[in-house]
Asks: 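Can you read through this structure? Questions will come right after.
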Amino acid sequence: MSESHPLYQRIYALVRQIPPGKVATYGQIARLVGGCTPRMVGYAMAAVPNGSDVPWQRVINSRGGISPRANPFGELAQRALLEAEGIRFDENGRADLETCAWLGPDLI
DNA sequence: AGATTGACTGCAT
DNA sequence: CATGCAGCCAATC
């Protein structure tokens, strides 16, 4: 399936399948894509062009939080986007993975 | 062509 | 609970 697609395209395709109000972790995406590591997922997210249809904001770290990056604005923007989709953040800045965790591409 | 870094994760100390 | 180390692969210098 899509073996001829570049690794990035595969990651993007998977992230694109995350439904609104759900979130997935870097490790989960990496595992679903296969043959790639969480770092590559993060790198791929960073490489997503602005205006793309890839909901990069739905990809968070294993703690259910938003990882710090070079530009602090992106972190705040990501949290705002997720809150707009119904994701709730506690005082610790973590999303409720128990409720909002994405189960998989075909488990909807 | 070799070294460094990066939106990560898990286990060990 | 904080800190450290190893693994993984691509992009950049």
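Just so you know, these numbers use all the heavy atoms, side chains as well, and skip hydrogens, waters and symmetry mates. Each chain gets a letter, A, B and so on, in the order the sequences are listed, and its residues count up from 1.
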Asks: On DNA chain C, compare the nucleotides closest to A:P38 and A:Y43; which residue's is nearer the 5' end?
Replies: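 Here A:P38 is the residue nearer the 5' end.
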Asks: Measure the distance from CD on A:E75 to P on B:dA7 and round it to the nearest whole Å.
Replies: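 For the pair A:E75 CD and B:dA7 P, the rounded distance is 12 Å.
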Asks: Any idea which heavy atoms bring A:C100 and A:G21 closest together, and the distance?
Replies: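 Smallest interatomic distance, heavy atoms only, reads CB-O, 3.8 Å.
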Asks: Which residues in residues 49-65 of chain A have a heavy atom closer than 4.0 Å to any atom of DNA chain B?
Replies: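 Those residues are A:W56, A:N61, A:S62.
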Asks: Round to the nearest Å and state the distance from A:Y12 atom OH to B:dA7 atom P.
Replies: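 For the pair A:Y12 OH and B:dA7 P, the rounded distance is 14 Å.
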Asks: Is A:E83 paired with A:R79 through a side-chain N to carboxylate O contact shorter than 4.0 Å?
Replies: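 Salt bridge between A:R79 and A:E83, a charged N being under 4.0 Å from a carboxylate O: yes.
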Asks: Could you tell me how far apart A:L76 (CG) and B:dA7 (P) are, to the nearest whole angstrom?
Replies: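 Answer to the nearest Å: 16 Å.
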Asks: Toward the 5' end of DNA chain B, which comes first, A:V48 or A:R31, by nearest nucleotide?
Replies: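 Taking each residue's closest nucleotide, the earlier one in sequence belongs to A:V48.
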Asks: For atom P, what is the distance between B:dA1 and C:dC8, given to the nearest Å?
Replies: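 Rounded to whole Å, the distance is 22 Å.
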Asks: Any side-chain heavy atom of A:D96 within less than 4.5 Å of one from A:D90?
Replies: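 They are not in contact (no side-chain heavy atoms under 4.5 Å apart), so the answer is no.
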Asks: Among residues 86-94 of chain A, which ones have heavy-atom contacts with DNA chain B below 4.0 Å?
Replies: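 DNA chain B contact set from residues 86-94 of chain A: none.
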Asks: Indicate the atoms forming the closest heavy-atom contact of A:L14 with A:W102, along with that distance.
Replies: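 Nearest heavy atoms, A:L14 then A:W102: O-CH2, 3.7 Å.
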Asks: Which residue, A:I18, A:I66, A:V48, A:V54, forms the side chain to side chain contact (heavy atoms under 4.5 Å, CB included) with A:V59?
Replies: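 Filter result, single survivor: A:I18.
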Asks: So, the side chain of A:E85 versus the backbone of A:P19: is there a donor-acceptor pair under 3.5 Å, distance only?
Replies: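 No; judged by distance alone, with no hydrogens or angles, the pair does not exist.
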Asks: Given atom CE of A:M40 and atom C1' of B:dT5, what is their separation to the nearest angstrom?
Replies: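 From A:M40 CE to B:dT5 C1': 10 Å.
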Asks: Kindly check if the number of other-residue, nucleotide or ligand heavy atoms within 6.0 Å of CZ (A:R88) is above 12?
Replies: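 Open.
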Asks: Just checking A:Q78: base, sugar-phosphate only, or nothing, at a heavy-atom cut-off of under 4.0 Å?
Replies: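 Since a base atom lies under 4.0 Å of A:Q78, the category is base.
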Asks: A:L7 has an atom CG; how far is it from atom C1' of C:dC8, in whole Å?
Replies: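 Rounded to the whole Å, the gap is 12 Å.
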Asks: Could you state the atom-to-atom distance from CE of A:M45 to C1' of C:dA11 in whole Å?
Replies: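 Atom-to-atom, A:M45 to C:dA11, this comes out as 16 Å.
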Asks: Would you say the side chain of A:K22 lies within less than 4.5 Å of the side chain of A:L103, judging by non-hydrogen atoms?
Replies: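 No, their side chains stay 4.5 Å or more apart.
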Asks: Quick one: are A:V41 and A:V33 in side-chain contact, heavy atoms under 4.5 Å?
Replies: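 They are not in side-chain contact.
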